[in-house]
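The structure under discussion appears below in the form of structure tokens.
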Amino acid sequence: MAGRPRTYTLVTPPGDDHDRLLLVFHGSTQNAGVFRSFTGTAFDHVGGAAVAYLDGFRGNWNDSRKASRFPARVQNIDDVAFAEAAVKQLGDGRPVYAAGFSNGGGMVIRLLHERPDLLDGGAVIAAQQPAPDNFVLPGLPVVPKPVLLFHGTKDRIVPYGGGQMAAWARFAFKVGGTMLSAPDTAAYFAARNGITAAPVTVDLPPRAGEPGRTSVSRTDYREDGHAPVTLYTVHGGGHTIPGATPSPRLMGRTAADVYATEAIAEFFALSPSGRRRP
């Protein structure tokens, strides 16, 4: 963008049954290839959708937080234009969804506010809505969209309870500012979607054969005629992506009772059976 070449990796399932597009935004210091390995290529198989792994600028995205100091923010890289170009090149008129982890989740939050016309919904993993004084996009018109969230209660990088990241994390990742808690982030998007009904929380049963080092609850904000919002809370989980591939130990425990890719496919009806046509 702005004369700067940008890259992505496109993965399509066998056959022609991929009438959805999923954009994937990696976390800080990663790229598309690293993220695919980091997740055991789980996102390659999200319900039969075509999956585009986008590469950030020098390992980061110019996301929705004011108080960031990495090169993508300092140089004001237009990652929104990059996402738009990817949708134009790959979308082909089909519904487009986005999923992002950590800094990539912050990029999905930015797109949901700044260019909701590009997306039919967004999934945010281990990231939160910035507090008003830390948000780069105040006052934009609200366009309701389905939002799916995942967050671990023992996340040492992006605390589940919100506030500021730990000092070491602010230094290491060149970020700062205050964030809403994970539950408040879910409530924020539910309010944007016009949902006034009280949320409903259920505990998920343990997945058979898994060690049970974490547990998961799901909080649903749903009301007829309104785009839904769901938060998966991973009790005891770290700064990780729920699924079959554990993250490095220093990032905390990885939930196995819910797989993020399966939940994304179900929430956005990406599976070949039961797809919703636009």
Side-chain angles (χ1 to χ4, degrees), residues 1-13 18-65 68 70-127 136-137 145 147-150 158 173-175 241 243 245 260-261 264-265 268 270:
M1 303 300 98
R4 180 180 291 108
R6 302 299 299 268
T7 56
Y8 59 81
T9 299
L10 179 65
V11 178
T12 55
H18 39 83
D19 59 354
R20 301 289 192 271
L21 175 66
L22 178 68
L23 305 179
V24 176
F25 296 87
H26 58 72
S28 294
T29 75
Q30 297 180 325
N31 58 32
V34 169
F35 186 81
R36 287 183 74 200
S37 298
F38 179 70
T39 56
T41 69
F43 282 79
D44 287 15
H45 315 288
V46 178
V51 180
Y53 296 86
L54 279 60
D55 289 302
F57 179 75
R58 295 174 58 181
N60 281 103
W61 302 102
N62 188 0
D63 66 13
S64 51
R65 297 169 292 184
S68 297
F70 41 70
R73 169 53 49 76
V74 172
Q75 298 185 37
N76 197 28
I77 299 301
D78 197 345
D79 285 324
V80 174
F82 177 31
E84 179 181 13
V87 170
K88 286 182 177 178
Q89 186 170 93
L90 303 171
D92 195 27
R94 54 189 166 179
V96 178
Y97 301 87
F101 169 63
S102 193
N103 175 219
M107 188 64 211
V108 173
I109 288 173
R110 179 165 191 160
L111 291 173
L112 287 168
H113 286 85
E114 188 170 350
R115 289 301 305 274
D117 56 302
L118 296 178
L119 302 180
D120 290 88
V124 177
I125 306 168
V136 297
L137 302 164
K145 296 288 177 178
V147 178
L148 179 61
L149 303 150
F150 303 83
V158 181
F173 295 104
K174 299 182 179 180
V175 297
I241 300 173
T245 302
T261 50
I264 289 168
F268 296 121
L270 301 182

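Quick caveat: nothing in here was measured; it's all calculated off a predicted structure.
- At a cut-off of 3.5 Å, with distance as the only test, a side-chain donor of N76 or N62 sits close to an acceptor on the other residue.
- Scanning for side-chain hydrogen bond (donor to acceptor under 3.5 Å, both in side chains) contacts around D117 gives R115, with sequence neighbours left out.
- Listed by chain and number, the residues in a side-chain contact (heavy atoms from CB on, under 4.5 Å) with V74 amount to none (sequence neighbours excluded).
- A search for ring-ring contact (aromatic ring centres under 6.0 Å, His included) contacts involving Y53 returns nothing, not counting sequence neighbours.
- Side-chain contact between L270 and Y97 is present, with at least one heavy-atom pair separated by less than 4.5 Å.
- You'll find the side chain of L118 stays beyond 4.5 Å of the side chain of V96, heavy atoms only.
- Judged as a salt bridge (charged side-chain N to carboxylate O under 4.0 Å, His left out), and not counting sequence neighbours, D120 has no contacts.
- Contact of the F268 side chain with the V46 side chain is not registered, since no non-hydrogen atoms from C-beta on lie closer than 4.5 Å.
- Between F150 and I264 there is a side-chain heavy-atom pair separated by less than 4.5 Å.
- In this view, R58 satisfies the salt bridge (charged side-chain N to carboxylate O under 4.0 Å, His left out) rule with no residue, not counting sequence neighbours.
- For residues 89-112, every residue pair satisfying the salt bridge (charged side-chain N to carboxylate O under 4.0 Å, His left out) rule, not counting sequence neighbours, is listed here: R110-E114.
- By the ring-ring contact (aromatic ring centres under 6.0 Å, His included) test, F43 is found to be paired with F35, residues two or more places apart in sequence or in another chain being considered.
- Across every non-hydrogen atom of L90 and A52, the tightest pair is CD1-CB, 3.7 Å.
- With sequence neighbours excluded, the residues that form a ring-ring contact (aromatic ring centres under 6.0 Å, His included) with F38 are F101.
- Here S68 pairs with nothing under the side-chain hydrogen bond (donor to acceptor under 3.5 Å, both in side chains) rule; sequence neighbours left out.
- D63 has its side chain within reach of R73: a pair of non-hydrogen atoms, C-beta onward, lies under 4.5 Å apart.
- With sequence neighbours left out, S64 forms a side-chain hydrogen bond (donor to acceptor under 3.5 Å, both in side chains) with no residue at all.
- Evaluation of the salt bridge (charged side-chain N to carboxylate O under 4.0 Å, His left out) test over residues 28-49, restricted to residues two or more places apart or in two chains, returns R36-D44.
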